[in-house]
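Here the structure comes first, spelled out in structure tokens, and everything after it is commentary.
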Amino acid sequence: MQSSTPFWHAESHADRRPFLLDRQRILQGVRDYFAFEGFLETETPILQVSPGNETHLHAFSSEYRDVAGENPRKLYLHTSPEFAMKKLLAAGETRIFNIARCFRNREAGPLHHPEFTMLEWYRAGESVDALMRDCEELLTRAAAATGRDRLLARGREIPLERPFERLSVSAAFRQFADIDLMAALDEEAMREAAARAGIRTAADDTWSDMFSRVVVERIEPKLGHSRPTFLCDYPAAEAALARRRTDDPRLAERFELYAGGIELANGFAELTDAREQRERFIDAMNEKERIYGERYPIDDGFIEALAHMPDACGIALGLDRLVMLTTGARHIQQVIWAPTAYD
């Protein structure tokens with residue numbers, strides 16, 4: 001919840017200012033790294049015809065009218081710059097990054113803010129291994145920018161020993177929940193496996209609901225304590241925009257980065273099959289309408305651009321969370337210059 005003292009009170013700002021100065025140093029380090037790697041910094045529009053088509057993401061909407069004040073058209077504040085950046089890949093860019101203001105409704109808490117900053121970058125013609133190396137370097141540089149050689153999560157120090165741990169989702173299910181994930185890829189099998197593991201499920205839970213509950217309750221809290229952890233090879237059903245693995249199409253080339261039990265980044269090899277992407281979006285929006293009674297439009301321009309997009313990998317990293325983990329801040333509002341008034 002928000003502080004009872006407004007951020008603009010001198011005492012409140014003085015408490016937060018050391019974190020904010022570290023934030024500036026980290027931002028400069030991020031830009032220096034990408035310049036060294038030959039990336040271009042992009043600026044993409046916040047207003048989009050679609051905010052994204054994932055089932056459980058909620059957007060803010062607005063309305064555009066023409067110069068006569070007529071012909072209203074609904075637009076959305078983007079939940080990430082992903083669609084616009086992939087269009088730039090289709091246009092011919094090969095290494096791009098974006099430090100973007102993003103917006104997600106129904107999100108608030110120590111790690112969530114309705115308006116936040118996302119660092120997103122793409123490498124054309126490269127693999128997710130390159131993204132993981134980027135993450136290792138960025139976290140190390142971010143800590144160094146604040147005079148540290150480790151992260152701080154909920155009062156605990158996390159060494160930045162490289163290489164970071166790599167753990168498959170299926171291995172994590174076995175290790176932390178005693179579930180054979182690959183034998184539980186249908187709803188009935190997952191329900192039985194969750195019950196054996198002592199994890200509560202509801203009668204109307206989908207496979208995805210149960211998968212997420214296992215991850216949140218049993219796996220996430222255990223990740224990234226001795227060093228940051230890449231959780232890799234997600235089931236294809238949990239990777240809406242990621243390419244399937246060629247050696248096992250049940251899995252996708254997707255990973256998430258964790259430190260101190262906190263999710264920091266989500267990366268994957270990009271799906272470029274326009275037909276399959278549209279089908280995935282339609283399925284996700286049907287599920288969104290079933291659960292929440294609403295759906296978002298599909299960006300037809302994005303679907304068209306996929307046919308021209310090269311093989312690429314991309315990743316989104318929560319910049320505010322990175323600042324928290326490098327400074328020891330315990331609430332996201334401590335590292336945001338001017339928190340949004342939403343209460």
Open item on the list: Hydrophobic clustering (ILVMFWY, side-chain heavy atoms < 4.5 Å, transitive) - are L231 and I262 grouped together?
Closed with: no
Task: Y64 side chain near N71 side chain, heavy-atom distance below 4.5 Å - done: no
Task: Separation between CG of N53 and CD of Q277, rounded to the nearest 0.5 Å - done: 8.5 Å
Task: 4.5 Å side-chain heavy-atom contact, M85 and T42 - done: yes
- [ ] Flag yes if I219 and V169 sit in one hydrophobic cluster, no otherwise; membership is Ile, Leu, Val, Met, Phe, Trp, Tyr, and two members link when side-chain heavy atoms are under 4.5 Å apart.
- [x] yes
TODO: Is it possible for you to check whether R254 lies under 6.0 Å from the centre of the six-membered ring of Y234, through NZ or CZ, and within 45° of that ring's axis?
DONE: yes
Task: Steps toward side-chain hydrogen bond (donor to acceptor under 3.5 Å, both in side chains) verdict (T206, S208) - done: CA-CA 5 Å; T206 64; S208 182; 4.8 Å; no
Open item on the list: If I take atom CG from residue L271 and atom CZ from residue R280, how far apart are they, to the nearest 0.5 angstrom?
Closed with: 4.5 Å
Open item on the list: Is there a continuous path of hydrophobic side-chain contacts, each under 4.5 Å between heavy atoms, that joins V215 to L251?
Closed with: yes
- [ ] Rounded to the nearest 0.5 Å, what's the gap from CG on L75 to CD on Q48? Could you check?
- [x] 8.5 Å
Open item on the list: Is there a side-chain contact between W207 and D186 in this structure, where contact means two heavy atoms from C-beta onward sitting under 4.5 Å apart?
Closed with: no
Open item on the list: With a 4.5 Å cut-off on side-chain heavy atoms, are R330 and P110 touching?
Closed with: no
Task: E304, CD atom: more than 12 neighbouring heavy atoms under 6.0 Å - done: no
Task: Cationic N near anionic O, under 4.0 Å, R243 to D273 - done: no
Task: Salt bridge present between R244 and E276 (N-O < 4.0 angstrom) - done: yes
Open item on the list: Run N98 and W121 through side-chain hydrogen bond (donor to acceptor under 3.5 Å, both in side chains) and show every step you take.
Closed with: CA-CA 6 Å; N98 197 328; W121 71 97; over 6 Å; no
Task: Pairwise side-chain contact, R104 with H113, heavy-atom cut-off 4.5 Å (strictly under) - done: no
- [ ] Using distance alone, with no hydrogens and no angle criterion, decide if R23 and T117 have a side-chain donor and acceptor under 3.5 Å apart.
- [x] yes
Open item on the list: Within the structure provided, determine whether Y122 and R95 are in side-chain contact (heavy-atom separation under 4.5 Å).
Closed with: no
- [ ] Quick one: which residue pairs count as a ring pair (Phe, Tyr, Trp, His ring centres under 6.0 Å) with a foot in residues 125-146, not counting sequence neighbours?
- [x] none
TODO: Is it possible for you to say whether M132 and L119 belong to one hydrophobic cluster, with membership spreading through side-chain heavy-atom contacts below 4.5 Å?
DONE: yes
Open item on the list: Can you pull out every salt bridge (charged side-chain N to carboxylate O under 4.0 Å, His left out) where at least one residue sits in residues 198-213? Sequence neighbours excluded, please.
Closed with: D205-R213
- [ ] Any chance you could measure F83, atom CZ, to I298, atom CD1, to the nearest 0.5 Å?
- [x] 9.0 Å
- [ ] Quickly, which of Y296, Y292, F103 forms a ring-ring contact (aromatic ring centres under 6.0 Å, His included) with H58? Name it, please.
- [x] Y292
TODO: Determine whether L131 and L138 fall in the same hydrophobic cluster, where Ile, Leu, Val, Met, Phe, Trp and Tyr are linked whenever their side-chain heavy atoms lie under 4.5 Å apart.
DONE: yes
Task: Minimum side-chain heavy-atom gap R166-D129 below 4.5 Å - done: yes
Open item on the list: Distance check, rounded to the nearest 0.5 Å: I158 atom CD1 versus R150 atom CZ?
Closed with: 10.5 Å
Open item on the list: If I take atom CD1 from residue I303 and atom CD from residue E279, how far apart are they, to the nearest 0.5 angstrom?
Closed with: 10.5 Å
